[in-house]
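Letters A, B, ... mirror the listed sequences (proteins, then strands); counts begin at 1.
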Amino acid sequence: MLDLPERFSITTSIAYANNKPGLHTLYEVIGADALARWYRMCGVPTRFLTGTDEHSINIAQAALDEGRPTREFVDEKVALFKVAEAALGITPDRFIRTTDPDHVRVAQEMVRRAHANGDIYLGTYEGWYCPNEGFRNVTDVVETASGTICPNHPDVPLQWLTERNWFFRLSAYQERLERHFADHPDFVRPEHRRNEMLGFIRGGLEDFSISRERTPGDWGIPFPIREDGSSSEFADGTWDPAAGKIYVWYDALINYITGAGFPDDPAMFARWWPADLHVIGKDIARFHTIFWPAMLWSAGLEAPRKVWVHGWLLAQGERMSKSRGNFLDPIDFVAAFGSDGARYVALREAAFDRDSDVSWDAFTRRYNADLANDFGNFVNRTVSMAGRYLGGERPAPREAAESPLGTAWPAARDLFVAKLEACLLHEALAALWEFVGAGNRFVEVEQPWVIARAVKAGENGAAERLRAVLGDLVEACRLVALAVAPVMPGLAPRVMEQLGYAHEYAADGNGGPPLLDELRWGAHAGQVGMLTAPVPLFPRLEIEAALPGEIPATATGPA
RNA sequence: GGCUGGGUAGCUCAGUUGGCAGAGCAAGCGGCUCAUAAUCGCUAGGUCACAGGUUCGAGUCCUGUCCCAGCUACCA
């Protein structure tokens, strides 16, 4: 069916820990978690890294404005992320924070390597600085009668700042980047994002600054090198403040190799790097597909194998964001749809390869149609009929070739897997739900209740036919619940229990039998088991009871 | 401004090399009774953004126009 990799190393971008998380931020994490779980269940050693980005000047300023220590401020925000991710069933192998001590060491090591390789040099960075947004490009500011202003914050006076910064020689990597894109056509996906990045590279690359002279509250990773090239570390282990801080973007990207074990654990690093997949949003594609490979090459390391660029969640055409206030609180979302339901509707309702308009209404309709009506009811009617007509002993499926569902299954499964591995998670789920539809239609065609009456009437062969039909239905329930387990990890154990099967996977998807073996029609045909009484999996939601069609404004303040 | 996507049913979208406009959801009608008012079937719903052109034939190819989104260098 497919060739599984020998290991799978996947990351998300790290979230900016300045506020509580929105669903639009965790959407990417849900998708990556589903992919990580897929590989874990397939028996592929998997490492899934996600976390938080904490060294930004804005965060330091926000903490300062609240009169609190920056560390306390970010600890609080990170705790909110962890609570929300736990509610969504997110299972990273490491939750990395850029304030983690090992990450601080790795970022400094990367600076030293770039310096040793002649890729960084001292220069001057100057430009308009908006206290709310940082340095603004000349094309982003507006000239007015009262002076130059930032269009987003017209009341805040812009400052012309000059900083002595270290610069990274990105210009030296233009040719290598072009060659890398040519040699690895799948490096950036989807295709149109790759084209954008390629266009940017061909337009000529400028060097970028990787240090800041000063930061609010002295926040950030100490730049490990002084202007004269000497180490900025004092004998007591503290750092010379005059050396400045590492610019937050340079620091943030490096989390991916910290999380892979660089450089303290070479064996671990060799095992997990290069990452197989970075899952990121379209707004940060350039940093991941252009700056980041160059940074790695400068340090003598490999670029990640693939970067998947997803789109945004939109509410009525507008990007969901904390600053706009049109975002969903993941806790509310889980409260309404359940952890599994929330994961499913998020990944099914939004396309993973482009922007998607979402609404509470659409999520509710999707939940009712796909989960309550189609699949939940399919399992319910199957378990109910098998229990009622066969007394609870689990009927075995027929040979695939003798069963319409058994015949249809391989194509549905293969399409599901192909879409999943292509990161088209919404299409993967759609492919699987085509098969759920086939299951429901099969019930109508066979009408087991009619066969059951024939059995009662003593009709010849009716009992055998009833067992066969119900066996096929039970098998269809098993296959769909297992296939969709990476997306709805809590569902599979509940379905398996009702079907009288063991579920041997751990909470994070590790440890069970290879999923592809389990996804064969009739994989457990010989096993005896008892069905339980039917228990509804996804209670139907009343649209009226749900929030109105608008995305509720739950913002607590500016981002 | 330049470059790249897109505009198809009320909503979300699919439409391969040009060959009778499709799916899901929502709506209406009917069937069934195992099931969570569910499910199955049927119906309705379209100036394929607009105007030209090529062609026996255009949602698809070409030209122009309008609209939306993205990219066009350091907030993260």
Side-chain angles (χ1 to χ4, degrees), chain A residues 13-18 53-59 61 125 127 129-140 150 152 165 167-168 170 190-193 195-200 202-210 212 247-250 252 281-287 290-291 311-312 314 317 319 323 349-351 354-359 361-362 365-366 368-374 376-389 426-427 430 433-434 437 439-452 470 473 534-541 543 559:
Chain A
S13 61
I14 47 176
Y16 187 35
N18 69 330
D53 177 15
E54 305 177 23
H55 283 134
S56 95
I57 288 177
N58 285 350
I59 285 177
Q61 189 61 50
Y125 187 88
Y129 182 85
C130 167
N132 284 31
E133 282 196 68
F135 280 98
R136 304 304 316 261
N137 196 267
V138 279
T139 55
D140 293 331
C150 161
N152 297 341
N165 285 166
F167 279 77
F168 181 86
L170 184 65
E191 185 70 13
H192 72 279
R193 295 294 166 203
N195 291 339
E196 283 178 4
M197 294 305 113
L198 209 42
F200 184 85
R202 287 177 178 150
L205 296 176
E206 295 170 16
D207 300 342
F208 61 92
S209 66
I210 64 162
R212 288 292 181 266
Y247 176 50
V248 63
W249 253 117
Y250 193 82
K282 67 182 186 179
D283 45 334
I284 54 176
R286 190 193 314 138
F287 297 97
I290 299 173
F291 291 27
W312 288 333
L314 311 177
R319 180 187 184 186
S323 50
E349 202 55 25
R354 56 173 178 269
D355 293 356
S356 299
D357 215 72
V358 298
S359 68
D361 234 39
R365 278 202 304 274
R366 177 66 71 181
N368 279 339
D370 286 12
L371 298 182
N373 298 351
D374 284 354
N377 184 57
F378 179 60
V379 173
N380 199 244
R381 67 201 306 206
T382 295
V383 173
S384 172
M385 284 191 286
R388 177 181 300 211
Y389 303 139
H426 57 299
E427 293 189 21
W433 253 250
E434 279 296 313
N440 274 320
R441 285 189 292 277
F442 179 72
V443 175
E444 302 298 325
V445 168
E446 296 295 343
Q447 301 186 82
W449 52 94
V450 174
I451 308 176
L470 291 173
L473 291 173
V535 181
L537 297 166
F538 299 101
R540 198 182 154 79
L541 298 175
I543 301 261

Which parts of residues 381-389 of chain A get close to RNA chain B, meaning a heavy atom less than 4.0 angstrom away?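 Residues of residues 381-389 of chain A that come under 4.0 Å of RNA chain B are, in numerical order, R381(A), S384(A), M385(A), R388(A), Y389(A).
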Students often get this wrong, so: under 4.0 angstrom with heavy atoms, is [X] touching a base, only sugar-phosphate, or nothing?
| X | result |
| --- | --- |
| N440(A) | sugar-phosphate |
| L537(A) | base |
| G376(A) | base |
| L205(A) | base |

For atom [atom1] of [X] and atom [atom2] of [N], their distance in whole Å:
| X | N | atom1 | atom2 | value |
| --- | --- | --- | --- | --- |
| M197(A) | C71(B) | CE | P | 8 Å |
| E196(A) | A73(B) | CD | C1' | 14 Å |
| R193(A) | G5(B) | CZ | C1' | 9 Å |
| I14(A) | A76(B) | CD1 | C1' | 10 Å |
| F442(A) | C34(B) | CZ | P | 17 Å |
| Y247(A) | A73(B) | OH | C1' | 10 Å |
| N377(A) | U33(B) | CG | P | 16 Å |
| D355(A) | G6(B) | CG | P | 14 Å |

Using the [atom1] atom in both, what is the distance from [N] to [M], to the nearest Å?
| N | M | atom1 | value |
| --- | --- | --- | --- |
| U8(B) | C48(B) | P | 11 Å |
| U47(B) | G2(B) | P | 33 Å |
| U39(B) | C20(B) | C1' | 32 Å |
| C56(B) | C42(B) | C1' | 36 Å |
| A44(B) | U63(B) | P | 39 Å |
| A9(B) | G24(B) | C1' | 12 Å |
| U16(B) | C62(B) | P | 14 Å |
| C3(B) | G64(B) | P | 11 Å |

Taking only Lys NZ, Arg NE, NH1 and NH2, and the carboxylate oxygens of Asp or Glu, determine whether E446(A) and R381(A) approach each other closer than 4.0 Å.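 Salt bridge flag = no for R381(A) with E446(A).
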Inspect the contact between R193(A) and E196(A) and indicate whether a charged nitrogen and a carboxylate oxygen are less than 4.0 angstrom apart.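 Judged by the 4.0 Å cut-off on N to carboxylate O distance, E196(A) and R193(A) do form a salt bridge.
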Polar side-chain atom of D207(A) near backbone of L170(A) as donor-acceptor pair, under 3.5 Å: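 Answer holds: yes.
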Whether the side chain of D53(A) engages the backbone of Y16(A) through a donor-acceptor N/O pair (distance < 3.5 Å, no angle test) should be reported.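 Judged by distance alone, no pair lies under 3.5 Å.
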Taking all non-hydrogen atoms of both residues into account, name the closest pair between P534(A) and N380(A) and its distance.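 In terms of heavy atoms, the two residues are closest at CB-ND2, 3.4 Å.
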Closest approach of K282(A) and D355(A), non-hydrogen atoms and distance?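 Answer, listing the atom of K282(A) first, then D355(A): NZ-OD2, 2.7 Å.
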Between protein and nucleotides 22-32 of chain B, map the contacts as a letter string: B base, S sugar-phosphate only, - none, heavy atoms under 4.0 Å, written 5' to 3'. ---SS----BS
Which stems, defined as runs of 3 or more consecutive Watson-Crick or G-U wobble pairs with both pairing distances under 3.5 Å, involve RNA chain B?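 For RNA chain B the paired stretches long enough to count as stems (3 pairs minimum) are B:1-7 with B:66-72, B:10-13 with B:22-25, B:27-31 with B:39-43, B:49-53 with B:61-65.
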Taking the side chain of P536(A) as heavy atoms from C-beta outward, which of U36(B), A76(B), A14(B) is closest to it?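 Nearest to the side-chain atoms of P536(A), counting from C-beta on, is U36(B).
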So, Y247(A) and N165(A): side-chain donor and acceptor under 3.5 Å apart, yes or no?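 Side chains of Y247(A) and N165(A): no pair found under 3.5 Å.
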Tell me which one of F167(A), F291(A), W249(A) satisfies ring-ring contact (aromatic ring centres under 6.0 Å, His included) with F208(A).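 Result for ring-ring contact (aromatic ring centres under 6.0 Å, His included) with F208(A): F291(A).
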